[in-house]
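Protein chains get the first letters and strands the later ones, always in sequence-line order, with residue 1 at the start of each. Side chains included, hydrogens not; waters and symmetry mates left out as well; all remaining heavy atoms used. A quick note: this is a predicted structure, and the numbers were derived from the prediction, not measured.
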Amino acid sequence: MEDFSKTVLLPKTSFPMKGNLNQKEPEFLKMWDTCDIYRKVTEKNRGREGYLLHDGPPYANGHIHMGTALNKILKDVVVKYKSMKGFYSPYKPGWDCHGMPIEHQIFKEMKAEKSSVDILKFRKRAAEYAMKFMAIQREEFRRLGVLGQWDDPYLTLNRDYEATIIRAFWSLYSHGYIHQAYKPIYWCISCETALAEAEIEYENDKTPSIYIRFPVVCCPVAEGYKDLSFLVWTTTPWTLPGNTGIAVNPDLEYAVAETDKGSYILAKNLVETVFGKKGKVATILKTFKGTELEGCIYRHPFIGRESKVILADFVSSLDGTGCVHTAPGHGEEDYYAGIKNNLDILSPVDEKGRFTDEVIDYKGLNVFDANPLIRDSLQRNGSLFYDEEIEHSYPHCWRCKKPVIFRSTKQWFLKIDHDGLRDLMKKEIEATSWIPPEGKNRIGSMVETRPDWCLSRQRLWGVPIPVFYCRKCGKAVITRETAERTEELIRIHGSDVWMEKSEKELLPENFSCPFCKGNEFTREKDILDVWFDSGTSHLAVLKNDSNMKWPADLYLEGSDQHRGWFQTSLITSCGIEKKAPYRKVLTHGFVVDAEGRKMSKSLGNVITPDELIKKYGAEIVRIWSISENYQQDVRISDNIIQNVVMTYKRIRNTLRFLLGNLYDFTPSMALGHGDLREADRWAIEKTREVANRITAYYEDFALNKVYEELHNYCNIYLSSFYLDHLKDRLYTYGRDSRERKSAQTALHSILMTLLRISAPVLSFTAEEAYQSIGWEGKKESIFLEDWPETCAPDEKLLEKWEKFFEFRKKVLKKIEEKREAKEVHGSLEAKVRISVPGEMFEFLGEFEKPESLFIVSEVEIEKGNETEITVGKTSLKKCSRCWVHFPDVGSNPDYPDICGKCIKAIGENSSANPE
RNA sequence: GGGCGCAUAGCUCAAGGGCAGAGCACUGUGCUGAUAACGCAGGGGUUCGUGGUUCGAAUCCACGUGCGCCCA
């Protein structure tokens, strides 16, 4: 029998089935780079409506991880979508360059200490370090296929950026938002330096544990008891001079307990334990809730000062007495409790850890040395109830390993309640759209209760607080003149200038103190919290650049930024611009493993973008990023990635089939809508419907639905039905036959739609497919194409075919039964006899060539009372060219093995444009 | 310990008081002209647990458990 396989028009394409993404992706990165596609895309849309996504700056330290990759990819998808939609949508990536983690690294590298280091050398190295990792991460982000202004990112260490920070500080200062106040910080008395949280190590220490009487002055709920005291427990006797309050738990039950030596107020459930220490039994005279104690007055046991009882949730009922010694100058919890209740914040300790003049009895004494003396004096005056030694986890300095203290120093604060700032923020939170909507609640409750923002850091790597101190009167000095001068100097020289130049050089000429006319100054040594840096990015990046847009249309970050960047940006923006810097805030969850646990080295469940790129390609990382509902935590595991790879293969193969059957087609050959076969019209309408739906998903940032829709479309409608059905027409009909051209017209439309709507996500593959075609009017890149227009599909046609598919299912089922019974092999061996009631009979009659829709050789449809479908083996002869069984096979003696249609096709193909 | 959130098939997701579904994966099978591809079919569920409301709960309520983010 003659071999006709050479005469059928099989698919032909240079677009391979196997992606080899890890190898091929760099080629497209290079092409996007050399052709400057990002700029061409944004320039194309210049002058049109803008859509601005403002990039939250990642920290310039270390390599990117799955979370940063997810974040950048989501941003990239949004920006690419908006750009293809025609919005002017520049994307300027940024980096957060100052701050502790880098400082930490540099100290390690230099084996140096903060007190002895050459600040300028140190800062130079820190800047180099930040730039190095910025460059590393930039390459890693680009490798993911993220398009943006990579040659001109924003960096918080840029001079202009730093100058903006100074200006923002001044603006807030001049409007009264910024002031100085005391706040306790970790302090190492041997290194004489402030310590950051990260520089603290906890170790077990023996510490004194003492129980003290604080005599009651006034306590309405416990009126009339003899010798009544609060029984207070502390492990840091040296902080007692700083005591300005006693905290009790509002929900805890308290008691007046009596012994032969007077009566005490303490938590009821601790009475037995506490008195048991002394081997005593106390009688409970009265009980009441902690709330009843609020505002009671007591006297300090050795200073004589009167202070009040406050309520605090953190008071534990497990140890101590339930009455907590509160020294707001010596502890963070104490501090916030003190602020809330207007307690004095005392800190009578100098930088060497010695008591100052304020504490007459122990003046000049090291606080740890004072512990036993204070104990003794308490014992002498009868205030000591009980004392012992306990083991206790206590903070130590990471350098000298000595125990640290909490010491209050003057810090700069941004007042959250000044000029209605908190209320304005709450109003702006309302006016912003938060996706998912829980975000509004989350940031709202934080803003509701957040304390003033402490802007000072006793660090080296950051932007200086632009304040001077008059040597004569000691007052802090910042005026419009000095602020503008500082801003200008930093704009020219960078913030190192603050450390380089003398005060005289930093100040305007002939500047004198506005308070006392003094003309000698020192400069502030503290720097600004790095969150102030990134919190002013909307000013530095959006306001300062006419290509940008303020407020931004979208901020898109991990949900941890409700506390971080969303909030700090909101504070500076509401303080300075009286408005939120964003219209919409979209958050995503965190990347976790298959069981929902966070990735950690110890669990051994870490997956990195780098290993995925090497193994599968960045495209897989991109698809994974949108494949799940990122508003919750996003899972990743080998299994999950395997599923993504499968999906990718399916979509890729679908594209390959489309391309393969369009090798001899150009858009000018497309048939008019009216000339198309109905199946092809349906396919075009279906694609339109899918494109509309996918567009709506992009609009809602429901990217996992984009993924699902895309995949289902390729599977259910294209592969299983339409493309399978088309094979006969594409391969076996005449090259220029109406059947084939009609099919190709549809395929072309489908391909172009598919490529455009998948390009924001499947950037590499869409570009690869796009580059493999050579039609007239083709753009330089898929990203220069316009988004498919949304227009209503022909619903009637779609409904009609949906009904047909329902029926087709039944037919397929019957064919399957016969195949299982080995009565027929391929479906082309099947003959389908359909008997249906009148209405359905009419309906099926509307479909041209139903054999081709069921992919069988014979279909007989007749009117009957019931729906009955029977399948048998066809008795017709198989055409050895198109494999369909036809009655006319063999009727032409020249071609004994093939059907009439195929004879015609062979004739046409050889006479028309042979290859 | 507190605030916010999540939990449905092996995986990713639907269904929001009325028979728990889809796609993938898996298994079987067909084809050998999308071929490391493609078609067809099938199996697969204590809807995290316990208790409650209800004629009826994956769904509403309460209490747990596990996990994540933020804070202490």
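In terms of position on RNA chain B, the residue among A:Arg650 and A:Asn643 whose nearest nucleotide sits closer to the 5' end is A:Asn643. A residue-by-residue look at A:Lys822 and A:Met646 shows that A:Met646 has its nearest nucleotide of RNA chain B further toward the 5' end.
Pairing each heavy atom of A:Leu754 with each of A:Leu718, the nearest pair is CD2-CD1, 4.3 Å.
Neither side chain, A:Ser719 nor A:Asn715, offers a donor N or O lying under 3.5 Å from an acceptor on the other.
Nucleic acid contact class of A:Leu10 (heavy atoms, under 4.0 Å, all strands): base. A:Phe657 comes within 4.0 angstrom of a nucleotide base, judged by non-hydrogen atoms across all strands. Contact annotation for A:Glu438: backbone-only contact, meaning every heavy-atom pair under 4.0 Å involves sugar-phosphate atoms and none involves a base. A:Arg819 comes within 4.0 angstrom of a base, heavy atoms only. Residue A:Ser720 is in sugar-phosphate contact alone, with no base atom involved, counting any heavy-atom pair closer than 4.0 Å across all strands shown. Among the atoms of the strands shown, only primed sugar atoms or phosphate atoms (P, OP1, OP2) are found under 4.0 Å from some heavy atom of A:Ser627. Using a 4.0 Å heavy-atom criterion, one finds that A:Ile815 contacts no nucleic acid atom at all. Contacts of A:Asp560 with the nucleic acid, taken as non-hydrogen atoms under 4.0 Å apart, involve only primed sugar atoms and P, OP1 or OP2. Residue contacts shown for A:Asn661 are absent, as no nucleic acid heavy atom lies under 4.0 Å away.
Relative to the side chain of A:Ser559, the nucleotides B:C69, B:G28, B:U35 differ in distance, and B:C69 lies closest. Listed nucleotides: B:C13, B:G30, B:A41. Nearest to the side chain of A:His825: B:G30. For A:Asn639, taking side-chain heavy atoms from C-beta onward, the closest of the listed nucleotides B:G68, B:A36, B:C11 is B:C11. When distances are taken from the side chain of A:Gln632 to each of B:C67, B:A34, B:C6, the shortest belongs to B:C6.
Remark: A:Tyr731 is in phosphate contact with B:A34, judged by side-chain N or O atoms under 4.0 Å from OP1 or OP2. At B:C40, none of the side-chain N or O atoms of A:Lys813 fall inside 4.0 Å of OP1 or OP2 (strictly under the cut-off). A close approach under 4.0 Å does not occur between any side-chain nitrogen or oxygen of A:Asn629 and OP1 or OP2 of B:U12. Checking the phosphate oxygens (OP1, OP2) of B:G30, no side-chain nitrogen or oxygen of A:Lys818 falls inside 4.0 Å.
Whole-Å rounding puts the A:Glu333 CD to B:G2 P distance at 14 Å. Here the P atom of nucleotide B:C70 and the CZ atom of A:Arg563 are 10 Å apart, to the nearest Å. Whole-Å rounding puts the A:Asp724 CG to B:C38 P distance at 11 Å. Taking atom CZ on A:Arg652 and atom P on B:C38, their separation rounds to 13 Å, with Å as the unit. Computed from coordinates, the A:His885 NE2 to B:C31 C1' distance equals 13 Å when rounded to whole Å. In this structure, A:Lys727 atom NZ and B:G33 atom P are separated by 11 Å, rounded to whole Å. One can place CD1 of A:Ile855 at 8 Å from P of B:C40, the figure rounded to the nearest angstrom. Here the P atom of nucleotide B:C71 and the CE atom of A:Met446 are 7 Å apart, to the nearest Å.
For a distance-only test at 3.5 Å, the side chain of A:Lys649 fails to qualify as a donor-acceptor partner of the base of B:A36. One cannot find a donor-acceptor pair under 3.5 Å joining the base of B:A34 and the side-chain atoms of A:Thr654. Evaluation of atom-type donor-acceptor distances gives a pair under 3.5 Å for the side chain of A:Arg442 against the base of B:C69.
Here the separation of B:A9 from B:C48, taken at their C1' atoms, is 15 Å to the nearest Å. Comparing the same atom, C1', in B:G39 and in B:G33 gives a spacing of 14 Å after rounding to whole Å. Here the separation of B:A62 from B:C70, taken at their C1' atoms, is 26 Å to the nearest Å. With C1' as the reference atom, B:A57 and B:G5 are 23 Å apart, rounded to whole Å. Taking atom C1' in both B:A72 and B:C63, one finds a spacing of 25 Å when rounded to whole Å. Separation of the C1' atoms belonging to B:A22 and B:U47 is 16 Å when rounded to the nearest angstrom. B:U8 and B:G42: their C1' atoms are spaced 22 Å apart (whole Å). Taking atom P on both B:A25 and B:A41, the two are 15 Å apart, rounded to the nearest angstrom.
The pair A:Lys727-A:Asp724 meets the salt-bridge criterion, with a side-chain N (NZ, NE, NH1 or NH2) lying under 4.0 Å from an Asp/Glu carboxylate O. Taking the charged nitrogens against the carboxylate oxygens, A:Lys873 and A:Glu829 do have a contact shorter than 4.0 Å, which makes a salt bridge. The pair A:Lys289-A:Glu253 fails the salt-bridge criterion, with no side-chain N (NZ, NE, NH1 or NH2) lying under 4.0 Å from an Asp/Glu carboxylate O.
Judged by a 6.0 Å distance limit and a 45° cone about the ring axis, A:Lys183 is positioned over the six-membered ring of A:Tyr335.
Checking B:C38 for Watson-Crick or G-U wobble geometry (two distances, each under 3.5 Å) identifies B:G30 as its partner. Pairing of B:G44, defined by two Watson-Crick or G-U wobble distances under 3.5 Å, is not identified with any nucleotide. Across all strands shown, B:U53 forms no Watson-Crick or G-U wobble pair with both distances under 3.5 Å. In this structure, B:C4 and B:G68 make a Watson-Crick or G-U wobble pair, each of the two defining distances being under 3.5 angstrom. For B:C24, the paired nucleotide is B:G10, the pair qualifying as Watson-Crick or G-U wobble because both relevant distances are below 3.5 Å.
Aromatic ring centres of A:Phe657 and A:Phe15 lie farther apart than the 6.0 Å criterion allows. Ring-centre distance between A:Trp434 and A:Tyr582: below the 6.0 Å cut-off.
Ring planes of A:Trp682 and A:Phe721: perpendicular class, angle over 60° (limits at 30 and 60°).
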